[in-house]
S.K.: 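Mind having a look at this structure? Questions to follow.
Each chain gets a letter, A, B and so on, in the order the sequences are listed, and its residues count up from 1.
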There are 2 protein chains.
Amino acid sequence: MPVPAPQKPPAKPARLSAARRTALLKALADPRRFALLESIAKAGCPLGCAQALATLPIAAATLSHHIKELESAGLIHVRREGKFHFLTLRPGVLQGLISVLSALETIPTPTT
Amino acid sequence: MPVPAPQKPPAKPARLSAARRTALLKALADPRRFALLESIAKAGCPLGCAQALATLPIAAATLSHHIKELESAGLIHVRREGKFHFLTLRPGVLQGLISVLSALETIPTPTT
DNA sequence: TCGATATTTCGACAACTATCGAATTGATTA
DNA sequence: TAATCAATTCGATAGTTGTCGAAATATCGA
């Protein structure tokens, strides 16, 4: 019986472009946005905007701005459900960034 | 005979503070700086400013600025030797950041 | 439809930053 | 000491971005 050709294993992250890498790093480099990501991660389930807002000392307009940044950087997914929006981490994205960063350190300790 | 208390093993990365994490991410979030880091990493040995400058389309003043940023973020070490300055990656720093980032993704895929 | 609630958009402002040329500092060499 | 070369500092500028209040948009419930 014909064995199906081995497909791409689970989810090959597909090397990050420089532009995308920069976009991710910029999105992560704001403390509020990072805190927001942490809230989403800790929630373990889609986080509503109201809950997100409760964890940050910022105005709703500012939260909306940061959500847009995180979304367009591809770090989160926003499920829009009527009046409410729910935030989840996009899996694998950070892993791609981590790969790029660890590649920088592959060459051990150059003679100082 | 008194056994010396077990010392801290090689180099415990010592959890990154939020401020430091943000500083690192900001330093990495500039494309020129990232390219500079890549040059340093690829060199495998301390990189002179002149060589660094050759790899980037920027003025010397701008390079100097970026070097200062990377240095004060703790990402590189600058050995000043007379007229010349040599750049090396500080080992382990990126690894600390990587740990923080991967901690965000520990919780797998929340129900979208 | 009307009012309440959730989120976004708009307009503005302040702070920050990347960039450069010119001037400066510091070290080497003639 | 004078000239030269490497790198930094200074001053200025343009572009970016985080922040907010107010207004707009969208959804839901009465």
S.K.: Where the side chain of B:S99 meets the backbone of B:Q95, is there a donor-acceptor pair that is under 3.5 Å apart?
M.R.: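 Such a contact is found between B:S99 side chain and B:Q95 backbone.
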S.K.: At under 4.0 Å, does any side-chain N or O of A:K83 touch on OP1 or OP2 of D:dT25?
M.R.: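 Answer is no, no contact under 4.0 Å.
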S.K.: Quiz question: by atom type and distance under 3.5 Å, do the side chains of B:R33 and B:H66 form a donor-acceptor pair?
M.R.: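 Looking only at side-chain atoms, B:H66 and B:R33 do form a donor-acceptor pair, the distance falling under 3.5 Å.
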S.K.: Identify the two heavy atoms, one from B:P31 and one from B:A29, that lie closest to each other, and give their separation to 0.1 Å.
M.R.: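 It is CD-O, 3.7 Å.
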S.K.: Closest approach of B:F34 and B:L28, non-hydrogen atoms and distance?
M.R.: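 Looking at all heavy atoms of both residues, the closest pair is CD1-O, 3.6 Å.
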S.K.: Taking DNA chain C as the partner, which of residues 17-32 of chain A come within under 4.0 angstrom of it by heavy atom?
M.R.: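 Hits under 4.0 Å, by residue number: none.
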S.K.: Atom NZ of A:K68 to atom C1' of D:dT16: distance rounded to whole Å?
M.R.: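 These atoms are roughly 15 Å apart.
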S.K.: Would you say B:R80 reaches D:dT8's phosphate, i.e. side-chain N/O to OP1/OP2 under 4.0 Å?
M.R.: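 Answer yes for this pair, as a side-chain N or O of B:R80 is under 4.0 Å from OP1 or OP2.
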S.K.: A:H85 has an atom NE2; how far is it from atom P of D:dT25, in whole Å?
M.R.: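 About 16 Å, once rounded to whole Å.
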S.K.: Could you check how far CZ of B:F84 sits from P of D:dA7, rounded to whole Å?
M.R.: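 Checked: the CZ to P distance equals 6 Å.
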S.K.: Rounded to the nearest angstrom, tell me the gap between atom CZ in A:F86 and atom P in D:dT27.
M.R.: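 The answer, rounded to whole Å, is 14 Å.
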S.K.: Once you apply a heavy-atom cut-off of 4.0 Å, does B:I58 come out as touching a base, just sugar-phosphate, or nothing?
M.R.: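 Since only primed, P, OP1 and OP2 atoms lie under 4.0 Å of B:I58, the category is sugar-phosphate.
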S.K.: For A:A60, answer base if it contacts any base atom (sugar-phosphate contacts may also be present), sugar-phosphate if it contacts only those atoms, and nothing otherwise; contact means non-hydrogen atoms under 4.0 Å.
M.R.: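 If one applies the 4.0 Å heavy-atom cut-off, A:A60 turns out to touch a base.
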S.K.: Is the shortest side-chain heavy-atom distance between B:P57 and B:R32 below 4.5 Å?
M.R.: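 In short, these two side chains touch, coming nearer than 4.5 Å.
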S.K.: Check B:L75 against B:A27 and note the closest heavy-atom contact, atom names and distance.
M.R.: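 Heavy atoms only, the tightest pair is CD1-CB, 3.8 Å.
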S.K.: Relative to the 5' end of DNA chain D, which residue comes earlier, A:P57 or A:E81, by the nucleotide with the nearest heavy atom?
M.R.: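 This one resolves to A:P57.
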S.K.: Among D:dT19, D:dA7, D:dT9, which nucleotide has an atom closest to any side-chain atom of A:T62?
M.R.: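 Ranking D:dT19, D:dA7, D:dT9 by closest atom to the A:T62 side chain puts D:dT19 first.
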S.K.: Counting only N and O atoms by type, is there a donor-acceptor contact under 3.5 Å from the side chain of A:S64 to the main-chain atoms of A:A60?
M.R.: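 No.
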S.K.: Could you give the CG-to-P distance, from A:L56 to D:dT19, as a whole number of Å?
M.R.: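 Taking atom P of D:dT19 as the reference, CG of A:L56 is at 9 Å.
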S.K.: How many Å lie between CD on A:E69 and C1' on D:dT17, as a whole number?
M.R.: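 It is 8 Å, rounded to the nearest whole Å.
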S.K.: What are the two closest non-hydrogen atoms of A:T88 and A:P46, and how far apart are they?
M.R.: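 Closest approach of A:T88 to A:P46: CG2-CG, 3.5 Å.
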S.K.: Identify whether any heavy atom of B:A61 sits under 4.0 Å from a base atom; if not, whether one sits that close to sugar-phosphate; answer base, sugar-phosphate or nothing.
M.R.: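 Base contact.
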S.K.: Of the non-hydrogen atoms in B:R90 and B:G74, which two are nearest, and what is the gap between them?
M.R.: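 Shortest heavy-atom contact: CD-O, 3.1 Å.
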S.K.: Whole angstroms only, please: what is the CG-P distance between B:L70 and D:dA7?
M.R.: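 To the nearest whole Å, that distance equals 16 Å.
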S.K.: Does B:H65 reach a base, just sugar-phosphate, or nothing at all? Heavy atoms under 4.0 Å.
M.R.: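 Result for B:H65 = base.
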S.K.: Restricting to non-hydrogen atoms, name the atom on A:I40 and the atom on A:I76 that form the minimum distance, rounded to 0.1 Å.
M.R.: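 Scanning both residues completely, I find the closest heavy atoms to be CD1-CG2, 4.0 Å.
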S.K.: Could you tell me the boundaries of the chain A footprint on DNA chain C, defined by atoms under 4.0 Å from its heavy atoms?
M.R.: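 Counting from the 5' end, contacts occupy C:dT5 to C:dT9.
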